[in-house]
Protein chains: 2
Amino acid sequence: MSKTLPFRQAPTPLKASCHTCSLSKLCLPLAVNETDLESLEDIVQQGRIYNRGEHIFDQSTSFRSCFAVRSGAVKTSIVSEDGEEQITGFFLPGELVGLDSMSGDFYACTAKALERTSICEFPVQKLEELTSRLPDLQHHMYQLMSQEIQHSHQLTMLLSKNTAEERIAALLLSLSTRFQRRRLSGIRFSLPMARNDIANFLGLAVETVSRVFTRFQNQGLIRARGREVELLDIPALQGVSRELSRQVCP
Amino acid sequence: MSKTLPFRQAPTPLKASCHTCSLSKLCLPLAVNETDLESLEDIVQQGRIYNRGEHIFDQSTSFRSCFAVRSGAVKTSIVSEDGEEQITGFFLPGELVGLDSMSGDFYACTAKALERTSICEFPVQKLEELTSRLPDLQHHMYQLMSQEIQHSHQLTMLLSKNTAEERIAALLLSLSTRFQRRRLSGIRFSLPMARNDIANFLGLAVETVSRVFTRFQNQGLIRARGREVELLDIPALQGVSRELSRQVCP
DNA sequence: CGCAGACTTGACCGCGCTCAATGCGAGTGG
DNA sequence: CCACTCGCATTGAGCGCGGTCAAGTCTGCG
C-alpha cells in the first residue's frame, strides 16, 4: 500500500487523478459522469502521507476540507470535557472523513492515522460550489451524510443492546464486508487498529476485548494472532451478532 | 398547542407560511433571506396532525419527504433483525426529522408522534432542486446533517462511557436547553416521552430510570411527578453529567 | 539485550439487569 | 359512585456481565 510514494510529500496541491483511482466507485466520483469528473478532479488535492499515529486534524484545527482515505486507515474520536476519548469511527480506503464537521468553524473530532495512510483532500468551499452546479454530486453528498447518520445509529443500538461478544462479532463482520468491497479477502485480514481502539469504540474494557477474542478462538470462530485475524466461521459470527448485517460504521 | 386546528386535516397540500412561523429561526428558513423565503414556502406543505402514538412513517414507507416538527414531539427508532427497538432521537418543534433517510428508497427509521403533533413536510426532490439554486440553503442542509452526526456521536459517548445517572442528567439538561431555545421554561416542563422511551434511548432498563429519578429527587436535584419535571439544581445536574454541555440529540 | 507498549490472563466486585410484586392514575362500564 | 382493568411507574431482592486492579507474557524497536 502506498508503495512508491515519497515519505512526506511537499504540500504542493497536486491534482488528483480520480480517473485512474481504483476507489472511484466507492468515493465521491461515483456520483458524477465522465465529463463532470474533471470538475471534481480540479478541486481535489492529493494530500500528503501520514505515518502511524500522526494527526490529520484535531478539534482545534479550523475546518477547511473533507478527506477521502486512499490507503491505510484512519480513526476519528471526540474528547469530552473531562478528557475522556471516544472513538467515533474507523475509516478505510474509499471512505470519507470529516462529514461530521460541516457545521462550525473547527473540526468536530480528531482524526489520526492508524497506519501509513494516504489521503485526498476536498476543500469544502469548492466542494459546495461544485455540488451546487452538479445535482448528482449534491445528491451523493446527502446520501453519504445520511449513511453516516444511519451507521452511527446502528452503533448506538449496538452499544445500548448488545453484549461484548455481539459487539465484537459485529465489528469483525463489518471490517470483513468493507475489505471485500475493495476486493480484498474478507476472511483473513489484518486489523488496522489496536485492541485498545476496539475497546474504546465498542464501549468495552481492553481486557474484555482480549477475553472475547480468545473465547472466539477457543470456539473455533476465528484465529487471531496479534492484529492478524482469520474468520473461520462467518455464519456462526453472524449468529453471535444477531443484528447488524449492515456494517457498524462507514 | 395546536389548539384551533381541525382534528385531522384533509391531505390537501396547504401552503405553509414560514413567514409567520415562530420557529423560523430554528428551522430551514433560518438559511434563506426574505426573497428566497417564498421559494421555500412554495415547496413546504403543511402536514396533517398526528395523535399520540400515530406513525408518521416507518421503515416500509417509501422515502419522499423530510419533516419539521411544528408542535408536539416525535420519536424515531430503528428495529433490528431480531425485533429489538432502539430509539435514535426525540424531536421537538423546530427540529428536522428524516435526515437519516436521504439514502435509499425507504425511510431508515420509524417516526412516531409522542403527543398531539403537527408537522411541515419538505418533499426531498423539490428540496434538492431548491438547495441547488440556493447555496445558503444547501450550506444549511449540510450543517443540519453534520450536526445530526455530531449529536449521534455524543450519544455514542454517553452510552459507552457514562453511568445511568450521568445519562439521565444529560438528557434532562438537553431537554431543558431545547425548551429554552423556544423561550419556554427550561426549569419546569413536561417530558414528552414515557420512562420506557427514556430507558430505551439511553440504553437502560426502565427500572433503572425510575430509580435514578427518585434518587435525584431525594438529593433535591429535581422534582418529578409522572411526566412533570422541575429541575431544582441545574449546576448540580451539570456536575453529575460531567460531559455533554452540548445537547444529546438534535 | 533491555525496555516500553501492547496484549493476555486471573481474581474480585459493583452497577445495572432481571424477575416479581405493588402502587397509581385514567378510562370504562355496571 | 365504585369496581374493574389496563398501562405506566415505582420499589425490592438477587445475580451476572463486564469493569477494575494486578500480574504476567509477548512483541517490536532502539
Side-chain angles (χ1 to χ4, degrees), chain A residues 51-53 73 75 84-87 112 114-116 157-172 190-219 222-229 240-242, chain B residues 51-54 75 84-87 112 114-116 157-172 190-219 222-229 240-242:
Chain A
N51 286 315
R52 172 188 288 211
K75 74 169 178 185
E84 255 184 319
E85 184 186 14
Q86 169 69 51
I87 295 177
K112 209 179 201 181
L114 287 169
E115 46 192 63
R116 202 124 218 295
M157 169 169 269
L158 200 67
L159 294 185
S160 138
K161 301 272 186 306
N162 294 30
T163 65
E165 297 200 352
E166 290 161 350
R167 299 183 205 185
I168 290 174
L171 178 62
L172 289 175
S190 158
L191 297 171
M193 73 294 279
R195 298 281 189 277
N196 230 324
D197 292 331
I198 296 178
N200 183 300
F201 180 63
L202 296 177
L204 299 169
V206 202
E207 296 92 326
T208 305
V209 174
S210 208
R211 275 186 258 268
V212 170
F213 265 76
T214 51
R215 214 176 303 158
F216 280 173
Q217 189 144 357
N218 293 338
Q219 294 168 356
I222 67 171
R223 237 169 41 82
R225 275 180 48 91
R227 297 195 172 190
E228 294 304 318
V229 174
V240 171
S241 130
R242 38 180 177 76
Chain B
N51 285 316
R52 172 188 288 211
E54 267 192 284
K75 75 169 178 185
E84 255 184 320
E85 185 186 13
Q86 170 69 51
I87 295 177
K112 209 179 199 180
L114 286 169
E115 46 190 64
R116 203 128 218 293
M157 169 169 268
L158 200 66
L159 295 185
S160 137
K161 300 272 186 306
N162 294 33
T163 66
E165 297 200 351
E166 290 162 349
R167 299 183 204 184
I168 290 174
L171 178 62
L172 289 175
S190 158
L191 297 172
M193 73 293 279
R195 298 283 188 277
N196 228 325
D197 291 332
I198 296 179
N200 183 300
F201 180 63
L202 296 177
L204 299 170
V206 202
E207 296 91 328
T208 305
V209 174
S210 207
R211 274 185 258 270
V212 171
F213 266 76
T214 51
R215 213 176 305 158
F216 280 173
Q217 189 144 355
N218 292 338
Q219 293 168 356
I222 67 171
R223 237 170 42 82
R225 273 180 50 91
R227 298 196 173 189
E228 295 304 318
V229 175
V240 171
S241 130
R242 36 179 180 77

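Residue numbers begin at 1 in each chain, while the letters A, B, ... track the order of the sequences.
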Out of curiosity, B/Ser210 OG to B/Ile168 CD1, how far, rounded to the nearest 0.5 Å?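 The distance works out to 9.0 Å.
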Check the distance between [N]'s [atom2] and [X]'s [atom1] and give it to me in whole angstrom.
X	N	atom1	atom2	result
A/Met193	C/dA6	CE	C1'	15 Å
B/Asn200	C/dC17	CG	C1'	15 Å
B/Ile168	C/dC15	CD1	P	15 Å
A/Arg225	C/dC7	CZ	C1'	12 Å
B/Arg195	C/dG16	CZ	P	18 Å
B/Leu204	C/dT18	CG	C1'	14 Å
A/Ile222	C/dT8	CD1	P	9 Å
A/Arg227	C/dG5	CZ	P	15 Å

Is any side-chain heavy atom of [Y] closer than 4.5 Å to one of [X]?
X	Y	value
B/Leu204	B/Arg167	yes
A/Leu172	A/Leu191	yes
A/Asn200	B/Lys161	yes

Taking 4.0 Å as the cut-off, does a side-chain nitrogen or oxygen of A/Thr214 come that near to OP1 or OP2 on C/dT9? yes
message = One thing to verify: whether B/Glu165 and B/Arg215 come together as a salt bridge, which I'm taking to mean a side-chain N less than 4.0 angstrom from a carboxylate O.
response = yes
>> Is a donor from one side chain sitting under 3.5 angstrom from an acceptor on the other, for A/Arg116 and A/Asn51?
In response: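 Yes, side-chain donor-acceptor contact under 3.5 Å.
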Discussion item. If we count only N and O atoms by modelled type, under 3.5 Å, do the side chains of B/Ser241 and B/Glu166 hold a donor and an acceptor together?
Written reply: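 Absent: no donor and acceptor within the cut-off.
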5'-most by nearest nucleotide on DNA chain D - B/Asn196 or A/Ala205: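 Looking at the nearest nucleotide for each, B/Asn196 comes out on the 5' side.
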Q. Among C/dT8, C/dC17, C/dG16, which nucleotide sits nearest the side chain of B/Ala164?
A.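 When the side chain of B/Ala164 is considered, C/dG16 is the closest of C/dT8, C/dC17, C/dG16.
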The helix from C/dC1-D/dG30 to C/dG30-D/dC1: angle between its terminal axes, five pairs each, to 10°?
->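 End axes: 30° apart.
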Open item on the list: Any N or O donor-acceptor pair under 3.5 Å from the base of C/dG10 to the side chain of A/Arg211?
Closed with: yes
Would you check if the side chain of A/Asp197 reaches a backbone N or O of A/Ile87 as a donor-acceptor pair within less than 3.5 Å?
no
Inset, instruction - Keeping the roles fixed (side chain from B/Arg195, backbone from B/Gly226), state whether a donor-acceptor pair exists under 3.5 Å. - result: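 Side chain of B/Arg195 to backbone of B/Gly226: a pair is present.
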Classify B/Arg215 by what it touches in the nucleic acid, base, sugar-phosphate, or nothing, heavy-atom distance under 4.0 Å.
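Here B/Arg215 touches no strand at all.
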Taking any atom under 4.0 angstrom from a heavy atom of chain A, which nucleotides of DNA chain D are the first and last to qualify, 5' to 3'?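 The protein-touched segment is D/dG18 to D/dT27.
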